Protein chains: 2
Amino acid sequence: MNTTRPRKRATILDVARESGVAPSTVSRAFTKPGRVNDVTREHILGVAERLGYAPNPMARALESGHTNTLALLVPDITNPYFAGVIKGAERAVARSGRTLVLGDTQESAAAEEQLVRRLGPAVDGFVLSASRLPDDGLRRAAEVNTLVLLNRAIPGIASVVADYASGTRQIIDHLASHGHQSAVFLAGPPESWSGRMRWDGLRAAATDMNMTVKRIGPYAPTLDSGPAAADAVITSHATAAVCHNDMLAIGVIRRLVERGVRVPQDVSVIGFDNIFGADICTPLLTTLAEHTQDAGARAVDALIHLGQQRSRTVKSWQLPTHLVVRDSTGPSRLR
Amino acid sequence: MNTTRPRKRATILDVARESGVAPSTVSRAFTKPGRVNDVTREHILGVAERLGYAPNPMARALESGHTNTLALLVPDITNPYFAGVIKGAERAVARSGRTLVLGDTQESAAAEEQLVRRLGPAVDGFVLSASRLPDDGLRRAAEVNTLVLLNRAIPGIASVVADYASGTRQIIDHLASHGHQSAVFLAGPPESWSGRMRWDGLRAAATDMNMTVKRIGPYAPTLDSGPAAADAVITSHATAAVCHNDMLAIGVIRRLVERGVRVPQDVSVIGFDNIFGADICTPLLTTLAEHTQDAGARAVDALIHLGQQRSRTVKSWQLPTHLVVRDSTGPSRLR
DNA sequence: CAAATTATGGCAAACGATAGCCATGTGATG
DNA sequence: CATCACATGGCTATCGTTTGCCATAATTTG
């Protein structure tokens with residue numbers, strides 16, 4: 001079947017001609033309502049509506065120098081953890097009347113760098129979520145672009161991070177209250193900034209509570225790594241396993257159950273992230289929740305704010321975390 | 001802490017001045033390599049590199065009329081079903097050197113329409129996934145925009161849809177092979193095009209197999225609707241429930257189990273979509289899988305293709321579906 | 001060797017919208 | 001009634017890039 005190709009869009013000139021005013025007046029009717037007579041304005045808006053006119057963002061950008069477009073880069077779009085971040089960012093961006101460009105860096109620093117370079121001139125700034133770029137790569141990117149880091153912190157660049165210090169303390173407290181005296185941490189990728197934070201926090205909190213934690217791994221933060229990680233847990237005789245993230249935790253639980261280890265009676269398992277799946281696996285997963293939507297929104301708001309001030313002050317925000325206790329944790333079998 | 005605001009980007013004029021040629025020559029050095037002397041070109045490219053010059057996509061778009069940007073609109077970004085679509089689309093877009101703009105329509109036709117209108121001038125085309133727009137709204141949108149529909153079909157507009165006819169047949173065959181003689185369909189939102197296709201397919205396939213299906217609902221396609229839907233299943237005394245999607249199915253199973261109904265011994269449950277969660281709930285969910293990544297990619301490729309031809313031929317693609325049999329279905333208790 | 005090509009690069013006009021500046025008309029103020 | 005302020009709208013340069021057209025030089029052709 002055939003249809004015609006989309007007809008040419010109406011421009012500000014069409015609207016101007018049709019309503020018998022100058023283009024500049026049409027422009028003002030849209031952008032500075034007070035600057036033009038109300039009845040003229042109504043008329044123009046009517047004509048514009050009838051012609052299906054919408055201002056061309058490209059042309060606007062060319063003149064004003066900013067594009068009203070923000071980019072969000074995530075390592076892997078399908079990872080449910082980022083779904084919340086994306087949603088929050090999208091909301092915040094839409095609320096401000098801007099447009100969101102989404103980029104998937106495929107967990108690769110090279111891809112991320114290239115994306116930043118290519119998208120750079122087309123957007124007003126970037127939110128880099130769980131960036132894979134090394135510190136100096138980030139600094140270089142920040143020279144030409146406005147950017148906000150999400151769950152990554154380096155001096156001189158704005159960032160929004162989850163409060164892992166508190167979060168890991170909550171985890172340790174929870175385990176301690178159930179009589180656990182030691183735990184293993186199943187580590188994620190070594191490059192992961194949040195992974196480092198989680199481990200550091202865990203260790204500090206454990207020391208305070210007279211608990212011991214041991215780190216094993218690294219494991220890929222996926223369901224598939226569950227078996228290897230679970231087997232290591234069994235070997236360790238630990239009563240509690242804290243996993244780098246929920247995906248890994250769910251994989252671990254599945255394998256433990258397969259091998260006849262009961263969760264939580266024999267081993268308690270905790271994850272990080274509180275992804276969608278944590279609420280539907282069996283047993284329901286105890287996990288440290290970040291407010292990912294808030295984080296995404298906050299990062300975007302910060303970016304917008306940053307773009308508006310002349311000489312900028314770099315800030316950082318820390319977002320609360322809270323432990324969602326479900327069914328995968330319980331009293332230590334040694335108690 | 002203070003940093004300076006990002007420095008101004010180099011323009012084509014800077015490069016031209018610095019390399020002692022006219023701006024047009026610089027432009028050609030980038031866009032039509034054969035049109036300029038090789039040594040001049042090398043020189044220009046060198047200078048450009050040194051200045052960190054990257055062409056401004058906005059200015060380019062203004063002149064050429066196309067933006068190398070495509071938009072993907074989905075009803076709800078956090079819905080895991082769309083994660084695959086987004087990923088596939090993102091890949092395809094990146095592969096073609098273009099940019100993806102992601103929009104969340106919040107399940108609202110009004111929001112969708114507004115988004116199309118606002119984004120329209122800034123993108124070369126749209127992939128509308130599970131569009132909430134009524135048919136004529138869609139036709140109107142197609143007049144000014146190049147667009148491809150995903151899991152929605154109306155004459156005159158290109159589309160990519162899952163093969164629900166085959167899919168529902170697979171479902172019915174599977175149930176029949178387990179001795180089920182009737183089933184209930186827990187319907188989703190009445191506006192849902194795919195919901196209609198699913199129901200139509202189910203009914204046709206059931207007739208062929210001498211089975212009966214009854215539709216109940218509508219229910220919101222979410223976990224939260226599970227209880228209401230599950231209770232209706234119990235009341236119906238059905239031996240099998242086919243749910244509008246996996247979210248609903250998981251919610252239904254949870255409620256059934258709570259009420260002492262065993263799955264699949266007492267009732268078999270089937271979903272649609274094969275979302276991430278289908279593989280981690282208990283029992284693992286039998287569900288009809290669509291190849292969402294392929295679908296996203298295919299839609300994007302179709303869109304790109306569509307944008308390139310002069311007088312266009314509107315095509316439609318049908319993508320295969322396959323039943324993933326897991327643990328939530330089994331023999332009918334009545335057999 | 002004249003004529004015709006071809007290669008190469010410059011000039012200037014778009015593309016669509018914005019904003020600074022100016023011109024006109026209106027009503028208020030003294 | 002002169003002066004002034006303000007409201008309103010037009011004119012025009014501008015943003016960064018592409019592209020059609022022209023000029024010049026170099027090369028080929030007969």
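A note on names: the letters A, B, ... follow the listed sequences, proteins ahead of strands, and every chain is numbered from 1. Remember, predicted model here, so these are calculated numbers, not experimental data.
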With sequence neighbours excluded, residues passing side-chain hydrogen bond (donor to acceptor under 3.5 Å, both in side chains) with [X]:
X: B:S19; answer: none
X: B:R117; answer: none
X: A:R98; answer: A:S96

If we fit an axis to the first five pairs and another to the last five of the helix from C:dC1-D:dG30 to C:dG30-D:dC1, what angle do they make, to the nearest 10°?
->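 Between the axes fitted at each end of the helix from C:dC1-D:dG30 to C:dG30-D:dC1 lies an angle of 40°.
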Note: A:R298-A:D301 ion pair, threshold 4.0 Å (strictly below) =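 The answer is no: the pair does not qualify as a salt bridge.
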Give a yes/no on whether any side-chain N or O of A:N56 is located under 4.0 angstrom from OP1 or OP2 of C:dA17.
->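 No.
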Return a table of donor-acceptor pairs under 3.5 angstrom between the side chains of residues 132-142 of chain B and protein atoms on other chains or two or more places apart.
| unit_1 | atom_1 | unit_2 | atom_2 | d |
| --- | --- | --- | --- | --- |
| B:R132 | NE | B:E107 | OE1 | 3.3 |
| B:R132 | NH1 | B:A130 | O | 3.0 |
| B:R132 | NH2 | B:E107 | OE1 | 2.5 |
| B:D135 | OD1 | B:R152 | NH2 | 2.7 |
| B:R140 | NH1 | B:E113 | OE2 | 3.2 |

Name the nucleic acid region contacted by B:F30, choosing base, sugar-phosphate or nothing; use a 4.0 angstrom heavy-atom cut-off, strictly under.
->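 Answer is nothing: B:F30 stays at 4.0 Å or more from every strand.
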Using a cut-off of 4.0 Å on non-hydrogen atoms, how would the nucleic acid contact of A:V21 be classed: base, sugar-phosphate, or nothing?
->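 Sugar-phosphate only.
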In whole angstroms, how far is the P atom of C:dG9 from the NE2 atom of B:H43?
->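 Taking NE2 of B:H43 and P of C:dG9, I get 12 Å after rounding.
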Between B:M58 (CE) and C:dT18 (P), how many Å, whole number?
->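 Distance check: B:M58 CE to C:dT18 P gives 14 Å.
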If you pin A:T40 and A:L62 to their nearest nucleotides in DNA chain D, which one's is more 5'?
->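 Taking each residue's closest nucleotide, the earlier one in sequence belongs to A:T40.
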Quick one: list whatever passes side-chain contact (heavy atoms from CB on, under 4.5 Å) with [X], sequence neighbours left out.
X: B:T69; result: B:T67, B:T99, B:V101, B:V123
X: A:N79; result: A:D76, A:Y81, A:F82
X: B:A59; result: A:L62, B:N56

Mind jotting down which residue pairs meet the side chain to side chain donor-acceptor pair (under 3.5 Å) criterion with at least one end in residues 31-42 of chain A? Sequence neighbours excluded, please.
->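 Checked against side chain to side chain donor-acceptor pair (under 3.5 Å) - neighbours excluded - no pair reaches residues 31-42 of chain A.
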Under 4.0 Å from any heavy atom of chain A: name the first and the last nucleotide of DNA chain D that qualifies, 5' to 3'.
->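 Here the contact window of chain A covers D:dT8 to D:dG16.
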Could you note down all residue pairs passing ring-ring contact (aromatic ring centres under 6.0 Å, His included) where residues 32-69 of chain B supplies at least one of them, sequence neighbours left out?
->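 Non-adjacent pairs meeting ring-ring contact (aromatic ring centres under 6.0 Å, His included): B:F30-B:Y53.
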Which pairs, protein N/O on one side and nucleotides 19-28 of chain C N/O on the other, fall under 3.5 Å?
| unit_1 | atom_1 | unit_2 | atom_2 | d |
| --- | --- | --- | --- | --- |
| C:dA19 | OP2 | A:K32 | NZ | 2.8 |

Could you tell me whether A:Q114 atom CD has more than 12 heavy atoms of other residues or ligands within 6.0 Å of it?
->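 Atom CD in A:Q114 is not packed in, count stays at 12 or less.
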